[in-house]
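The structure under discussion appears below in the form of C-alpha cells.
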Amino acid sequence: MAKELNYQLIKDTAEGYRKDMTAFLRAMISHPSESCEEGEVVACIKAEMEKLGFDEVKVDGLGNIIGYVGDGDKIIVLDGHIDTVGIGNRDNWEADPYEGYETEDLIYGRGGSDQEGGVCSAVYAAKMMKDLDLIPEGYKIMVVGSVQEEDCDGMCWQYIVNKDFGGPEAAREKIAFAISTEPTDGGIYRGHRGRMEIRVDVHGVSCHGSAPERGDNAIYKMADIIADVRALNNNGCTESTAIKGLAKMLEPEYNPDHYEDARFLGRGTCTVSQVYFTSPSRCAVADSCAISIDRRMTAGETWESCLDEVRNLPAVKKYGDDVKVSMYMYDRPSWTGEVYETESYFPTWINKESAPHVKALVDAHKALFGDERIGCEASMDKRHRPLIDKWTFSTNCVSVQGRYGIPCVGFGPGAESQAHAPNEITYKNDLVTCAALYTAALNLYDGSAATDDACEFRAGLTDNDIK
C-alpha cells in the first residue's frame, strides 16, 4: 500500500536543496568527462553520495558509480550517464564549458542537460527519501552514474546486468523498474527509436593520378552510394523511384503491424556520419573508401532490414562484390581499463501508457505540479506539448528495456535540444522538480499491478554471440 504523501513537504524539501544541487552539478561539470575518461567525475559523485549518507557506494569494474539507499529485496533504479561529448570548436562557446557559470535560473556548461543534471537530481532524491522516511517498503533505491553512454548507449547496463547482477533473469527478478534521468523538457517519456551504426566499405584499385583511367576510384564509387543513402532518408514512399524513403514505415501499406507505433516514435532516419579512405599518395587514385551511417530505427524496422536496405541500394548492387555492408562492434576500454565488447545495435522500445511504472510518474506529476509540463520561463518554448511523450534521441533504456525487458520510463532535467550543442545550459528549477517527482513517484508505484506485458513494442535482438 502506498504511503499517504505530503506533497507540499516533498516540494519544500526539494526546494531546500536547490543551492546544494546547483553546487553539485557545477562540480560535476568542472571535471571533463568524455567517454572512457570519467574517473574524475566518478570520484566527485562518490564523495557526494558518501557525504549525503548513502547506505552503500561502489564503483564497479567498468567504472559505473552506484549508490544505494534502503535495504529492501527489490530495486528501483534511477539511472543517468555521467560521460559527455567533447566541446567541439571552442570558438563556438561564449564561456569556458567546464568552468561554466550560473544565473538565477540557469547553469551553463558541458554536461548540464546531457546529462549530469539528471544524476544530480537522482542523488538528492535518494537523500530526500532517506531523510523523509520515504524509501518504499520492500525496496532499495539504486542510483547509477553510468559510463560510456555517449560512445555506446546501454553498454554500461549490459555490464551491470551481466556482471553485477549475474545475468538478465537475475536482473529482471530484482529490478522493478528504472527511471532514466535523461533530459525530457518537462515531459514523461515512455519510449524512443532505436539505432544502429552501419559501415560500408568499398574496394578500388590505385594508380598514378596522371592517368586515373588506369585505376578504379573507390571514392567515386562511394559518392554514388552516399547519394543513395541520402535518397533513402529524404525520399517519400509514393514517388516512382527505385529508392523508397524511410518515411514508408509510417504507412500501413509498408508496416501493417507497427505503423501506429512508428507514428508515435517518428520515422526512421539515416545519415552519413564519417568518411575514411586510403590512397598511396595525394597524386594517386584512392584504393578504398568507407563510411559510417547513423541509422535511427522506428517500430517495425529490424537490424536485418536496415542492413538489407543499404545492401539493396542501386549503387551498392551496381558495384557488387566491391562493397561490404556491416554493423560496427564496440570494444573501447573504459576508464578503468575494462573492455566489454558488444555490437553497435540499440533496440527500439515503447512502454504502455497504462503500465504501473509510467502511471506512477504521471500520478506524481499531477499531484505535485498538475497535468501540464512546467519549467522556468526560459525553458517553456519547447514545453507546450503532451505531458506523456517520447525522446528523439537514444538512451541507456535501449539495454535496460530494449535488450533485457526491464521496464523503463523517462523524466529528467534540461532540454533534449541542448544535447551536444555549444553553450549547453540546464535549468535550476528542473533539478528541484525532478528530485521531488522521483521521491513521490517511487512511493506511488504499485508493484502488485505490474505484469509481463508493460511493453507496447520492443525490437528483436541479433544473432551475434554477445551477452
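Take D294 and apply the salt bridge (charged side-chain N to carboxylate O under 4.0 Å, His left out) test, not counting sequence neighbours, and it matches R296. In this view, K140 satisfies the salt bridge (charged side-chain N to carboxylate O under 4.0 Å, His left out) rule with no residue, not counting sequence neighbours. For R267, the salt bridge (charged side-chain N to carboxylate O under 4.0 Å, His left out) criterion is met by no residue, not counting sequence neighbours. Judged as a side chain to side chain contact (heavy atoms under 4.5 Å, CB included), and not counting sequence neighbours, the contacts of K359 are D363. With sequence neighbours excluded, the residues forming a side-chain hydrogen bond (donor to acceptor under 3.5 Å, both in side chains) with S33 are E116, listed by chain and number. Taking N217 as the reference, nothing meets the side-chain hydrogen bond (donor to acceptor under 3.5 Å, both in side chains) condition, with sequence neighbours excluded. Take D224 and apply the side-chain hydrogen bond (donor to acceptor under 3.5 Å, both in side chains) test, not counting sequence neighbours, and it matches Y319. For Y108, the side-chain hydrogen bond (donor to acceptor under 3.5 Å, both in side chains) partners are N423, not counting sequence neighbours. Residues meeting the side chain to side chain contact (heavy atoms under 4.5 Å, CB included) test with A421, sequence neighbours left out: none. For E372, there are no salt bridge (charged side-chain N to carboxylate O under 4.0 Å, His left out) partners at least two apart in sequence or on another chain. Residues meeting the side chain to side chain contact (heavy atoms under 4.5 Å, CB included) test with A440, sequence neighbours left out: L5, Y7, I10, A364, L368. Every residue two or more places apart in sequence or in another chain that forms a side chain to side chain contact (heavy atoms under 4.5 Å, CB included) with C36 is listed here: Q148, D151, Y330, R332.
Side-chain contact, T181 with Q115: a donor N or O sits under 3.5 Å from an acceptor N or O. Inspection of the D430 and S379 side chains reveals no N or O donor paired with an N or O acceptor under 3.5 Å. Side chain to side chain, E182 and T395 fail the donor-acceptor criterion of an N or O pair below 3.5 Å. Judged purely by distance below 3.5 Å, without hydrogens or angles, the side chains of N162 and Y340 pair a donor atom with an acceptor atom. The closest side-chain donor-acceptor pair between D114 and H420 falls under 3.5 angstrom. For the residue pair N396 and S180, no side-chain donor N or O sits within less than 3.5 Å of a side-chain acceptor on the partner. A donor-acceptor pair shorter than 3.5 Å cannot be found between the side chains of N312 and D308.
T271 OG1 to Q274 CD: the interatomic distance, rounded to the nearest 0.5 Å, is 11.5 Å.
Counting all heavy atoms, side chain and backbone alike, G112 lies closest to L25 at O-CD2, 4.3 Å. Taking all atoms of both residues into account, the shortest heavy-atom contact from S121 to Y438 is CB-CE1, 3.9 Å. Taking each heavy atom of D287 and S206 in turn, the nearest pair found is CB-N, 3.7 Å. The shortest heavy-atom contact between Y98 and I29 is CD2-O, 3.4 Å. Between I198 and C306 the shortest heavy-atom distance is CD1-O, 4.1 Å. Heavy-atom minimum distance, V229 versus C270: O-SG, 3.5 Å.
Surrounding CD of E56 are more than 12 heavy atoms belonging to other residues, nucleotides or ligands, all under 6.0 Å away. For NZ of K46, the number of neighbouring non-hydrogen atoms (other residues, nucleotides, ligands) closer than 6.0 Å is 12 at most. Counted within 6.0 Å of CD on E304, heavy atoms from surrounding residues, nucleotides or ligands total more than 12; the atom is thus considered enclosed. Atom CZ of F277 sits in a sparse spot, with 12 or fewer heavy atoms from other residues, nucleotides or ligands closer than 6.0 Å. The number of heavy atoms from other shown groups lying within 6.0 Å of OH (Y220) does not exceed 12. Annotation: K58, atom NZ; neighbour count of heavy atoms from other residues, nucleotides and ligands within 6.0 Å is above 12. When the shell of 6.0 Å around CG of N89 is examined, it contains more than 12 heavy atoms from other residues, nucleotides or ligands.
Distance alone, capped at 3.5 Å, places no donor-acceptor pair between the D331 side chain and the E341 backbone. Judged by distance alone, the side chain of R110 and the main-chain N or O of E424 form no donor-acceptor pair under 3.5 Å. Side chain of K317 to main chain of R311: no donor-acceptor pair is present (N/O by atom type, distance under 3.5 Å, no hydrogens or angles). With hydrogens and angles disregarded, a donor-acceptor distance shorter than 3.5 Å links the side chain of S113 to the backbone of A415. For W303 (side chain) and Y345 (main-chain N/O), no donor-acceptor pair under 3.5 Å exists by modelled atom type. No side-chain donor-acceptor contact under 3.5 Å links N92 to the backbone of P422. Side chain of S399 to main chain of G154: a donor-acceptor pair is present (N/O by atom type, distance under 3.5 Å, no hydrogens or angles). A donor-acceptor contact shorter than 3.5 Å links the side chain of N351 to the backbone of C408. When atom types are taken as modelled, the side chain of W93 and the backbone of I87 share a donor-acceptor pair closer than 3.5 angstrom. Side chain of D185 to main chain of G187: no donor-acceptor pair is present (N/O by atom type, distance under 3.5 Å, no hydrogens or angles).
Test T336, N64, D83, T84 against E38 for side chain to side chain contact (heavy atoms under 4.5 Å, CB included) and you get one pass: D83. Each of K352, R190, K390 was evaluated against E456; a single residue qualifies, R190, per the salt bridge (charged side-chain N to carboxylate O under 4.0 Å, His left out) test. Screening T269, T348, L265, L246 for a side chain to side chain contact (heavy atoms under 4.5 Å, CB included) with M297, the sole residue that qualifies is T348.
With respect to the salt-bridge test (charged N to carboxylate O, under 4.0 angstrom), the residues E253 and K244 do not qualify. Electrostatic pairing of R373 and D389 counts as a salt bridge here, judged by a charged N lying under 4.0 Å from a carboxylate O. Classification of E197 and R195 as a salt-bridged pair holds, one side-chain N sitting under 4.0 Å from a carboxylate O.
In this structure the side chain of L361 never reaches within 4.5 angstrom of the side chain of I388, judged on heavy atoms. Contact check for I65 versus V59: side-chain heavy atoms found under the 4.5 Å cut-off. You'll find the side chain of Q418 stays beyond 4.5 Å of the side chain of P183, heavy atoms only. Between E48 and Y124, the closest side-chain pair of non-hydrogen atoms falls below 4.5 Å. Using a 4.5 Å heavy-atom cutoff, the side chains of V161 and R403 are not in contact. Using a 4.5 Å heavy-atom threshold, the side chains of Q401 and C455 count as touching. Looking at K382 and S417, their side chains come closer than 4.5 Å, going by heavy atoms from C-beta outward. Contact annotation: the side chain of D228 never approaches that of V316 to less than 4.5 Å [non-hydrogen atoms, C-beta and beyond].
Relative orientation of the F177 and H357 rings is tilted, given thresholds of 30° and 60° on the angle between their planes.
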